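Note that the structure is a prediction, hence the values are computed from the model and not measured.
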Amino acid sequence: MTTLPETGDPGAPTLREALLVADGSLSTRTADSDADTTAFRGVDFFDPALDATEYRDRIVLAAGVAEADLPALAVQLAAVGAAALIVRRAQPVDISSEAPEWTSALPLLHHLEGDWAQLANVLRSLLSPHSVGHVTGVRLGDLFGLANALATLSEGAVSVVDSTGQVVGYSTHSEQPIDDIRRRTTLLLQEEIPISSDLDYQSLLRAPDARHFPSETDQFGRVGIAVRASGELLGSIWVIQIDPALAPRTMTLLEEMEPIAAQHLLRAREDAADRDQRNSGLLRTLLEDERHARSAASQLLIRPEAGCTIVCFRVDTFDQVEAMRGLHRLLHLAISVSSAAFPGSHSAVIGTQVVTLIPGSIAARAHTFAQAVIRTDTALIAGIGTRAYDVNGIARSHREAGATAGVLMSTPVADDRHRQTRIATFDEMRDRLAILQVTDLIEGLDAAVGDSASILAEHDAAQGTDLSRTMRIYLDHLGSVRETAAALHVHQNTVRYRLDVVRNDLGIDLDSPDTRLWLWLRLSVASRSSR
């Protein structure tokens with residue numbers, strides 16, 4: 001049996017704390033308002049072979065006890081001073097009429113359908129003297145609060161990692177030293193080595209309890225534990241172990257706190273799913289539904305008049321499966337970075353983009369945020385809209401940010417396969433976007449039928465030439481034969497010959513400013529469409 005010291009411990013857990021840490025899986029049926037202040041010294045499953053006095057000051061779990069036997073058991077436990085009796089809630093039992101003297105002496109708690117062993121572990125975790133009042137005071141699902149509480153208890157920096165290797169919470173105590181590995185993983189919000197290839201992580205998964213990983217360098221070692229619920233791996237907790245001699249104490253702490261950590265991870269996962277769904281719907285309404293935009297802003301607690309900016313992120317990959325994975329990882333990254341630095345921010349996946357609303361009237365805040373996100377992965381691109389001060393302006397900022405990200409996606413890739421520019425503001429791309437809007441209009445004009453660009457395209461198709469590309473590059477370089485030849489990797493005389501064909505054989509007047517402008521617009525449209 002798990003027991004606290006026999007001497008009166010003022011820090012002994014109470015039924016109120018048991019109800020709190022169980023997070024809804026327990027409910028009380030007693031009418032005694034003082035029952036939840038009852039302290040308990042142990043948590044045990046009922047065993048009819050034991051003497052009833054063994055259950056004094058203990059919570060007794062009536063797993064496997066027949067419903068008809070519960071009233072007598074309650075009276076028996078009340079007589080020996082048990083702290084409480086927990087029964088399954090599947091079929092509520094009203095024993096107050098059969099044992100009225102018990103109802104004022106022994107609290108009866110109902111256990112929702114679930115894992116008895118998991119409930120026992122959660123309740124037993126309260127019996128660790130140093131845990132009472134520390135971890136139980138953290139709002140369930142607050143993984144940063146959990147990490148800070150564990151860091152205080154262990155006297156070492158803590159990281160909470162989910163089952164995919166994402167860092168979903170970390171302690172923020174400034175006085176606790178960290179090493180380069182912790183600094184980089186916190187920045188990236190992801191383990192450096194994929195968990196499928198991390199030998200330490202794999203050994204931790206195979207271990208039934210916490211493990212110490214001593215440092216092989218001059219950096220700190222670590223103590224870790226895998227967190228599970230009903231056999232499902234939820235994640236892991238890692239503590240930087242500065243003093244190896246204290247590792248056993250840290251391991252014991254993590255083993256005692258593992259059930260509570262499981263509850264936090266489960267709630268965080270549920271909260272994240274609910275939040276993402278809610279924010280996605282409200283952000284979409286705010287950005288796309290003019291009639292209900294103001295209501296959506298109110299529900300998101302957004303004050304447009306205080307200023308805000310929209311940032312749109314995209315994943316630069318041709319692999320659709322990888323793009324979807326990247327979007328969800330990007331969403332987690334955007335939420336983590338923005339929530340830590342910009343309270344009141346909101347992020348959601350909308351279409352093929354992750355959209356983040358950054359509150360505040362300082363434009364540099366959004367740019368700093370976007371840089372912090374895209375520097376974690378070379379496949380990420382960010383477009384930033386202009387600041388908005390009303391609901392209509394927020395929708396405009398979204399259109400601007402999305403268009404800017406789209407332009408970055410359509411720009412050519414450098415020789416090293418990386419884009420030269422991966423972040424830009426709408427103001428920086430304003431002229432380019434205006435030209436693209438004009439070229440979009442051109443595609444539907446009757447004037448485009450049989451014009452100079454069409455003549456070039458027909459000649460290229462019939463003769464196997466590439467005059468259209470030559471002319472576009474020639475016009476891009478303001479009519480410079482030398483720069484055109486360098487861009488095409490041909491001799492300057494080759495460029496001059498092709499220009500003669502355009503002028504003399506095809507009859508296109510390259511000396512006319514109107515012809516050059518129109519031809520450049522048409523060729524730019526064709527070039528963008530072929531990418």
Side-chain angles (χ1 to χ4, degrees), residues 13 16-26 118-119 121-123 125-126 128 130-176 178 182 185-187 189-191 224-229 232-240 250 253-279 300-301 331-348 356 359:
R16 179 188 292 115
E17 291 174 315
L19 291 168
L20 176 63
V21 76
D23 188 42
S25 66
L26 284 180
Q118 178 70 15
L119 174 63
N121 286 335
V122 169
L123 297 180
S125 68
L126 293 174
S128 173
H130 57 258
S131 73
V132 176
H134 285 78
V135 176
T136 54
V138 178
R139 179 182 60 82
L140 205 62
D142 180 2
L143 298 182
F144 285 87
L146 173 66
N148 278 325
L150 291 176
T152 299
L153 296 173
S154 65
E155 300 179 6
V158 172
S159 293
V160 182
V161 183
D162 69 10
S163 59
T164 67
Q166 301 286 332
V167 177
V168 292
Y170 54 86
S171 59
T172 56
H173 296 323
S174 59
E175 71 276 8
Q176 291 177 336
I178 60 175
R182 163 62 188 262
T185 56
T186 300
L187 175 64
L189 289 175
Q190 186 176 27
E191 293 290 354
I225 190 169
V227 180
R228 293 181 174 85
E232 178 191 357
L233 176 67
L234 301 177
S236 57
I237 297 176
W238 299 84
V239 180
I240 290 182
T250 305
L253 169 68
L254 292 185
E255 289 164 7
E256 292 170 346
M257 294 298 103
E258 189 265 343
I260 292 181
Q263 295 284 326
H264 277 278
L265 283 166
L266 284 171
R267 172 54 67 86
R269 187 167 66 182
E270 295 171 1
D271 289 348
D274 292 343
R275 180 190 63 240
D276 294 347
Q277 184 175 7
R278 175 180 179 273
N279 279 5
L300 289 170
L301 303 180
L331 175 63
H332 167 74
L333 186 64
I335 291 174
S336 299
V337 174
S338 62
S339 61
F342 310 109
S345 60
H346 298 281
S347 298
T356 300

Write down the atom of [X], the atom of [Y], and the distance for their closest heavy-atom approach.
X      : Y      : result
Ala229 : Leu234 : CB-CD1, 3.8 Å
Pro13  : Glu17  : CA-OE1, 2.9 Å
Ala226 : Leu233 : CB-CD1, 4.1 Å
Phe342 : Pro359 : CB-CD, 4.4 Å

Side-chain donor/acceptor of Glu258 to backbone N/O of Arg228, under 3.5 Å: yes

What's the spacing between [X] [atom1] and [Y] [atom2] if we round to 0.5 Å?
X      : Y      : atom1 : atom2 : value
Leu254 : Ser154 : CG    : OG    : 7.0 Å
Leu253 : Glu255 : CG    : CD    : 9.5 Å
Ile237 : Ser159 : CD1   : OG    : 10.5 Å
His346 : Ser338 : NE2   : OG    : 9.5 Å
Asn148 : Leu143 : CG    : CG    : 11.5 Å
Thr250 : Glu155 : OG1   : CD    : 8.5 Å

Partner set under side-chain hydrogen bond (donor to acceptor under 3.5 Å, both in side chains) for Ser347, not counting sequence neighbours: Thr356

With Ser171 via side-chain hydrogen bond (donor to acceptor under 3.5 Å, both in side chains) - residues at least two apart: none

Min side-chain heavy-atom separation Leu150-Met257 under 4.5 Å: yes

Residue pair Val158 / Trp238, side-chain heavy-atom distance below 4.5 Å: no

Passing option when Val168 is tested against Leu146, Val161, Asp162 for side-chain contact (heavy atoms from CB on, under 4.5 Å): Asp162

